[in-house]
Amino acid sequence: MTTDLAIKEKLCALSLLKCLDENPLSLEEVRKSPRRILSVYSIKQIVYILETFTNYGIVFFEPEGQDRIYYLTSLGKRLVQKVALNSFRND
C-alpha cells in the first residue's frame, strides 16, 4: 500500500510540474475546479506537494487576497526540462 501512495504522490508532483510549466497555478482554482490532469488528486495531496516544492525552491507563490498563485522558479524550469529530456530518452 505504501508503494501505491508513493507512486500516486510522484504522479501528482509530475502533473503539477506540467501544469506549472504551462501557466501559473491558483490554489483557489485547484480547489474549485481543478485542471483535468489534477482532478484525480486530493487538494490535501496537491497542497502538500506545492509546499514541498516551495521548500526546495522549485516553485514560489505570490499571495493574492485569500489565494496563492504558484509559479515555477528557474530551478523548477530546469527540473521540467530534465524530466522532459529523460522521458524522450526512454521512449
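Quick note: numbers below take in every heavy atom, side chains included, and nothing from hydrogens, waters or symmetry partners. Here, residue 1 is the first one in the sequence, and each next residue gets the next number. Note that the structure is predicted; figures quoted are calculated from it, not measured.
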Side chains of residues 11-21: which donor-acceptor partners sit under 3.5 Å, not counting sequence neighbours?
| residue | atom | partner | partner atom | Å |
| --- | --- | --- | --- | --- |
| Ser15 | OG | Leu11 | O | 2.9 |
| Lys18 | NZ | Glu22 | OE2 | 3.3 |

Pairs meeting criterion ring-ring contact (aromatic ring centres under 6.0 Å, His included) with involvement of residues 48-68, two or more places apart: Phe60-Tyr71, Phe61-Tyr70
Arg35 side chain reached by Asn23 side chain, heavy atoms, under 4.5 Å: yes
Can you tell me how far apart [atom1] ([X]) and [atom2] ([Y]) are? Round to the nearest 0.5 Å.
X	Y	atom1	atom2	answer
Asp67	Arg31	CG	CZ	8.0 Å
Glu9	Asp4	CD	CG	12.5 Å
Ile43	Leu27	CD1	CG	5.0 Å

Test item: Ser26 side-chain N/O and Ile69 main-chain N/O as donor-acceptor pair under 3.5 Å: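 Judged by distance alone, no pair lies under 3.5 Å.
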side-chain contact (heavy atoms from CB on, under 4.5 Å) against Val40, all qualifying residues, sequence neighbours excluded: none
From CA spacing to verdict: side chain to side chain contact (heavy atoms under 4.5 Å, CB included), Leu38, Leu25: CA-CA 11 Å; Leu38 296 176; Leu25 187 66; 4.3 Å; yes
